[in-house]
Amino acid sequence: MYPILKSFSLIMLFYFAGELFTNLLDLPIPGNVVGMVLLFTALQAKWVESKSISIAALPLVGLLNLFFVPAGVGLLAYEQLLAQNLYVIIVSSAISSLLVMWVVAKLFTALKKT
Amino acid sequence: MMLFKLEVFWVSLTLLVFFGGTLIYNRYKKPFFNPVLLSVVSLILFIKLTKADIEDFNQNTRVINFFLGPAVVALGYLLHKQWAEIAKNLLAILLSIATASLVGIISVVSVAYLMGADAILIATLAPKSVTTPIAIGIANKTGGIASLTAAIVIAVGVFGAVVGSWFLNLIKVENAFARGLAFGTAAHGIGTARAIDEGEINGTAAALAIGLTGVFTVLQLFIINFLFGNWSEIQHFLDRFFILAH
């Protein structure tokens, strides 16, 4: 019981620190992304033990898909806004997304050390 | 209906539907059966058929949405675990993500412009590849419709997660890290969830790409607007350019 509680509390603490950071500095970067960087830094610097984080971190990461479902269903609220410009949105986003994947994957493959 | 006002109803339904979606996905292992896509489509159909209010759903599934926060923070653990892999190629990672995010902005803006989109729609679409809160912040500052940006970002994420594996196989990308970067750069968190399914290195690369793509896109859009003016000025310039060219 205790290790899970500790692990989850630590992750929440980093999340809170991240939110505090972006809110105080009024940055357009989400608090959870800042929290991710803070947690990473703390782990690298060995301020927190990697073992004490993994117990809650792995199940959370494993359920990432689930946590996006409400936002996806929430698209329904924008049905009319989306429908007004449906073709432009679908065609431009789809072409651009595939292009982004192609560029980043090929460029990284070409530049990486073997 | 009374049931639709209950938090426990919507949360259990969402969990059950997602569990079912995961079972189907694991049984067939086809990207098209992506659990997010299956769950979203089923729940939208359910809401449509029962004539439930989407606001009831949104209000009562906030607890699930909340866990997105700690889950993204937890990705920092993956970055730590795979740091050796990241450090080895840090420059290649930064260069390829910076280039791809610029290509992402230019391509979505150009295609939308050529299809006749106005300046507002262009500003709404420009940050489509980055994670929702960053995209909303950008859209607000560049004259887009923030709520529409948020909806597009989610749709782009689902699209990337669903077609990503197939597309990367098609263009013959085998390296796990390169595949992960593609998911994170093009499809933020939803793409990252798919990359984690592919493997731990894929997931790490995607997690790294979410943050970096966000930062690069903010900087690049700021520079574009600083150099060329806001989207309506750019649109007028392009209009004149095309008239002269004819």
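Below, all heavy atoms of this structure are taken into account, side chains as well, without hydrogens, waters or symmetry copies.
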Output yes when a side-chain donor or acceptor of [X] lies under 3.5 Å from a complementary backbone atom of [Y], and no otherwise.
X	Y	value
B:H188	B:V153	yes
B:R179	B:V173	yes
A:S93	B:V156	no

Is there a ring-ring contact (aromatic ring centres under 6.0 Å, His included) between B:F67 and A:F67? Walk through the geometry before answering. CA-CA 6 Å; B:F67 278 92; A:F67 306 142; 5.8 Å; yes

Select one option (side chain, backbone, both, neither) describing which atoms of [X] are under 4.5 Å from chain B's heavy atoms.
X	value
A:Y87	both
A:N85	side chain
A:I95	side chain
A:L38	neither
A:A42	neither

Under 4.5 Å heavy-atom distance to chain A, tell me which part of [X] shows up: side chain, backbone, both or neither.
X	value
B:I171	both
B:V130	neither
B:I138	neither
B:F183	both
B:N58	side chain
B:V158	neither
B:L102	neither
B:F167	side chain
B:D197	side chain
B:L121	side chain
B:T185	both
B:I196	side chain

Winner by heavy-atom pair count (cut-off under 4.5 Å) against chain B, out of [options]:
options	value
A:N65, A:L64, A:L63	A:N65
A:L43, A:L60, A:V103	A:L43
A:V37, A:L66, A:L10	A:L66
A:A77, A:S54, A:G31	A:S54

Closest approach of B:I122 and B:A112, non-hydrogen atoms and distance? CG1-CB, 4.4 Å

Top contributor to chain A interface from [options] [non-hydrogen pairs under 4.5 Å]:
options	result
B:Y113, B:F57, B:F66	B:F57
B:G214, B:G189, B:A98	B:G189
B:L68, B:I134, B:V111	B:L68
B:N89, B:I106, B:V163	B:N89
B:A182, B:A207, B:A155, B:G116	B:A182
B:G69, B:S42, B:G104	B:G69

Any side-chain heavy-atom pair of [X] and [Y] under 4.5 Å:
X	Y	answer
B:Q82	B:I201	yes
B:L75	A:F40	no
B:I152	A:L82	yes

Distance-only donor-acceptor check, side chains B:K128 and B:T149, under 3.5 Å: no

Verify the distance criterion only: is there a donor paired with an acceptor across the side chains of B:E198 and B:S165 at less than 3.5 Å? yes

Does B:I120 CD1 have over 12 foreign heavy atoms under 6.0 Å away? no

Over 12 foreign heavy atoms within 6.0 Å of CZ, B:F46: yes

Please say which of B:L95, B:I93, B:I97 ends up in a side-chain contact (heavy atoms from CB on, under 4.5 Å) with A:F108. B:I93

Residue pairs involving residues 70-85 of chain A (criterion salt bridge (charged side-chain N to carboxylate O under 4.0 Å, His left out); sequence neighbours excluded): A:E79-B:K48

Given B:R62 and B:E7, is the salt bridge (charged side-chain N to carboxylate O under 4.0 Å, His left out) satisfied, shown in steps? CA-CA 9 Å; B:R62 280 190 181 163; B:E7 188 176 32; over 6 Å; no

So CZ of A:F21 and CZ of A:F16: to nearest 0.5 Å the spacing works out to 14.0 Å

